[in-house]
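To find a chain, count down the sequence lines: A is the first, B the second, and so on, and within it residues start at 1.
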Protein chains: 2
Amino acid sequence: MNLKELATRLGLSPTTVSRALNGYPEVNEATRERVIAAARRHDYHPNTRAIRLATGRAMAVGHVIPIATRHEIVNPVFADFIAGAGEVYTRNGHDMLLSIVPDEDEEATYRALKSKGNVDGVIVHAPRLDDPRIPLLHQIGLPFVVHGRATGATQAYSWLDVNNRRAFQRATEFLLDLGHARIGLINGLEFMDFAIRRRTGYLDALAARGIAPDPALMSSGEMTEIAGFRAAQAMLALPRPPTALLCSSMLSGMGARRAVESAGLVMGRDVSIIIHDDDLSYLKNGEEVPIFTATRSSVREAGRLAAEMLLGLIARPGTGPQERLLEAELIIGQSTGPALLAQRRQSPYHQGAQTSGGPL
Amino acid sequence: MNLKELATRLGLSPTTVSRALNGYPEVNEATRERVIAAARRHDYHPNTRAIRLATGRAMAVGHVIPIATRHEIVNPVFADFIAGAGEVYTRNGHDMLLSIVPDEDEEATYRALKSKGNVDGVIVHAPRLDDPRIPLLHQIGLPFVVHGRATGATQAYSWLDVNNRRAFQRATEFLLDLGHARIGLINGLEFMDFAIRRRTGYLDALAARGIAPDPALMSSGEMTEIAGFRAAQAMLALPRPPTALLCSSMLSGMGARRAVESAGLVMGRDVSIIIHDDDLSYLKNGEEVPIFTATRSSVREAGRLAAEMLLGLIARPGTGPQERLLEAELIIGQSTGPALLAQRRQSPYHQGAQTSGGPL
DNA sequence: GAATCGCCTCAAACCGCTTTGGGTATGTCA
DNA sequence: TGACATACCCAAAGCGGTTTGAGGCGATTC
């Protein structure tokens, strides 16, 4: 069933039927209702391909995911973000196009997406320092919204980000207030923009209390369970181990917890742990009661908001770049506690390490 | 730059240019080269929207992800599967369409996808018992491939699945061979087809050795860390606790490990654990050496194969349903060991439980 | 020299919709 | 009664490709 058939069946012209269905004012209300009823009855759905060609719009948004040689972007966070964005696209009658491309083809993919007219805009994921995608997209004139920010960009662009610096600053302050003085940072890879900002927040909080950062207490790596385990294990084996750990993700926090426990220590008593919780649907931080104290910000909600921002830019091309900074909330779980107790509990370890381990 | 412009610029008709670029034989090789060179020089890309309308093909594959009220499908496995499938689509010039829809709209979404012509076929995720999507897709005539199988389907359909029954049977046999007699099953939700098959494999292996299954040793739930922890903890607190645990995922295995360790036991010595490992890119089972003994099957590779199967069905609509069963490999890690030792180590617990815990 | 055959190219129809630019009643006003 | 809105509706021209059917042209065959 197509428009022409429906029109003849109704004894109307295709024009009128099209206008009736699309809510144009120059058609009689009675006629409109008749048309809508007939469309429903015959299960008529306008052909998307034809609409797209006729209107010149793609009615689709792209997400380009580079793969392989570089850092993997197909991660748990990504899946939840996509889910949030997808909800919005669906509600607005847009398609979501996922392009999985070898990373050396990324630039060509964006160009093709534009010139072949497959999408009206794109979301840029996982921005890095001086991210080349931003000037590229500006140049080819494809509307875009960045999830995160790209330090070093020269032109203005639309973005939506969590205040990572502030979140980690607050988390660090929280630990300092509990009396912790040696706080380990188990960060993500520090060519990622968010990781840089998190470290800055951590350092700012320490500096505000006049505490000099200890390079041995700052690690950076993949945000996996095993990497978290390794990093925490290494820090706990130091002559002066940390009494608290600040982890960049749920998974690395789980690894850190394992390191703490396998050292015979108790999380929340001997060693405090704070994680960043993206509120992923299948990696919940506890149920009613949170397990980890965490800086929390729903990445799914971020997906929704970024999608809405992008659809707005597409609908109103004139508008300038939009920016939105979300604050993470600090939620208190069972993984943090005062430092005094921790110091005492840990002292045997210190002593052991110091006596047998040479000069500090 | 469009076809017509390129044609006038070359002094040829649009027809010839189109044929030259699409490799039709009726155009002179010299002409073809001239056309291709010009296309490249002017950075000409045919408009996808026009191609789709003209050819009647969507050049796109859909993945419909129901969301919200029912069991969440936006899980780690899904992301990796999508990545694998996406690689194949990209290589074959197809787009991947992700539809995130409220689950009550799922049927309508499939119908719309077909009648609006957005896709040439779909992949069906996470099949359940008597899955209604299979008759639906047959009825509306949209080519599809199921990732997994749907027990109870009356018509034949194309699918690609891991031999879950066989995998869990082998894993159970492996544990039995190590001398374990009380093996706990920490399964996924058992309205999911794969979970049913895994339980069957587990039960088959027990039955083959004449071991009666103990309902207290069989749990079913979400495959999260915390659910795994809870299930394992409950089993370890039984009067006659298991000496081995069979977990349905990496995450629940991690939870089980935590339960084992927080009971003061050592994984691989006191309690053996086997997991199913989907070989996810960001949830690796160790690095060179696997941590967990596991039944392994790459879900990403499954995504690739399913996508290829679907593209095949789309290209050759005549061909009947295709089926492909992948075998999981059993990889030996550090989480399993002989049961004799475990029995001995655990005996104090048994005794304690038995003396203080009533009959049995 | 005419007929035949390949090879190459083209004009035009078509895919299914939107949208422009009228056209035709009907009603209103002077 | 004629002029002029107003309200509806339509024919036709796009959108940018593919594809059908036909024709031009030089070489070959009889």
Side-chain angles (χ1 to χ4, degrees), chain A residues 1-36 38-39 42-60 93-95 112-120 315, chain B residues 1-36 38-39 42-60 93-95 112-120 315:
Chain A
M1 173 63 60
N2 61 21
L3 187 71
K4 204 183 295 181
E5 283 174 46
L6 188 64
T8 43
R9 216 174 281 255
L10 280 163
L12 292 170
S13 78
T15 311
T16 305
V17 175
S18 169
R19 283 184 168 151
L21 293 174
N22 291 315
Y24 280 70
E26 50 273 75
V27 47
N28 189 326
E29 269 313 314
T31 312
R32 188 193 307 282
E33 277 168 29
R34 202 161 61 89
V35 170
I36 288 175
H42 295 100
D43 196 38
Y44 166 73
H45 293 262
N47 184 302
T48 310
R49 298 192 286 264
I51 292 180
R52 287 177 173 158
L53 181 58
T55 61
R57 288 172 302 156
M59 300 297 287
H94 282 247
D95 283 342
L113 240 33
K114 167 69 177 183
S115 57
K116 303 203 295 181
N118 295 27
V119 301
D120 296 318
Chain B
M1 173 62 60
N2 61 20
L3 188 71
K4 205 182 294 181
E5 283 174 45
L6 188 65
T8 43
R9 216 175 280 258
L10 280 162
L12 292 171
S13 79
T15 312
T16 305
V17 175
S18 170
R19 284 187 166 147
L21 292 174
N22 291 315
Y24 281 70
E26 52 272 75
V27 47
N28 189 326
E29 268 314 312
T31 312
R32 187 194 307 282
E33 276 169 30
R34 202 159 62 90
V35 170
I36 289 173
H42 295 99
D43 196 37
Y44 165 74
H45 293 264
N47 185 303
T48 310
R49 297 192 286 263
I51 292 179
R52 286 178 174 158
L53 181 57
T55 60
R57 288 172 302 156
M59 300 297 287
H94 283 247
D95 282 342
L113 240 31
K114 167 69 178 184
S115 57
K116 302 203 296 181
N118 294 27
V119 301
D120 296 318

Note: contacts of residues 4-16 of chain B with DNA chain D (heavy atom, under 4.0 Å) are T15(B)

Across all chains, not counting sequence neighbours, the side chain to side chain contact (heavy atoms under 4.5 Å, CB included) partners of A54(B) are none

Residues passing the side chain to side chain contact (heavy atoms under 4.5 Å, CB included) test with E33(B), sequence neighbours excluded, are E29(B)

Applying side-chain hydrogen bond (donor to acceptor under 3.5 Å, both in side chains) to T16(B) and not counting sequence neighbours gives S13(B)

Here the pair of heavy atoms bringing Y44(A) nearest to N2(A) is CE1-C, 3.6 Å

Sorted by chain and residue number, the side-chain hydrogen bond (donor to acceptor under 3.5 Å, both in side chains) partners of N47(A) (sequence neighbours excluded) come out as none

In short, the helix from dG1(C)-dC30(D) to dA30(C)-dT1(D) is bent end to end, axes from five pairs each side, to 10°, by 60°

Go through the steps for K116(B) and D95(A) under the test salt bridge (charged side-chain N to carboxylate O under 4.0 Å, His left out), then give the verdict. CA-CA 12 Å; K116(B) 302 203 296 181; D95(A) 283 342; over 6 Å; no

When rounded to the nearest 0.5 Å, the distance separating CD1 of I51(A) from CZ of R57(A) is 8.5 Å

So OG1 of T31(B) and CD of E26(B): to nearest 0.5 Å the spacing works out to 12.0 Å

Its 5'-most and 3'-most nucleotides having an atom under 4.0 Å from a non-hydrogen atom of chain B, DNA chain C is contacted over dC8(C) to dG16(C)

Contacts of S18(B) meeting side chain to side chain contact (heavy atoms under 4.5 Å, CB included) (sequence neighbours excluded), chain-then-number -> L3(B), N22(B)

So OG1 of T48(B) and CE of M59(B): to nearest 0.5 Å the spacing works out to 8.5 Å

Numerically ordered, the residues 19-33 of chain A set in heavy-atom contact under 4.0 Å with DNA chain D is R19(A), E26(A), V27(A), N28(A), T31(A)

When every non-hydrogen atom of A58(B) is compared with those of G117(B), the smallest separation belongs to CB-O, 3.5 Å

d(E5(B) CD, L10(B) CG) to nearest 0.5 Å is 12.0 Å

With a 4.0 Å cut-off (strictly under) to non-hydrogen atoms of chain B, the first and last hit nts on DNA chain D, 5' to 3', are dG16(D) to dG21(D)

In this structure, CG of L113(B) is separated from NE2 of H45(A) (nearest 0.5 Å) by 11.0 Å

Residues at least two apart in sequence or cross-chain that pass side-chain hydrogen bond (donor to acceptor under 3.5 Å, both in side chains) with T55(A), listed by chain then number, are none

Across all chains, not counting sequence neighbours, the side-chain hydrogen bond (donor to acceptor under 3.5 Å, both in side chains) partners of R49(B) are none

Using a heavy-atom cut-off of 4.0 Å across all strands, would you classify I51(A) as base, sugar-phosphate, or nothing? sugar-phosphate

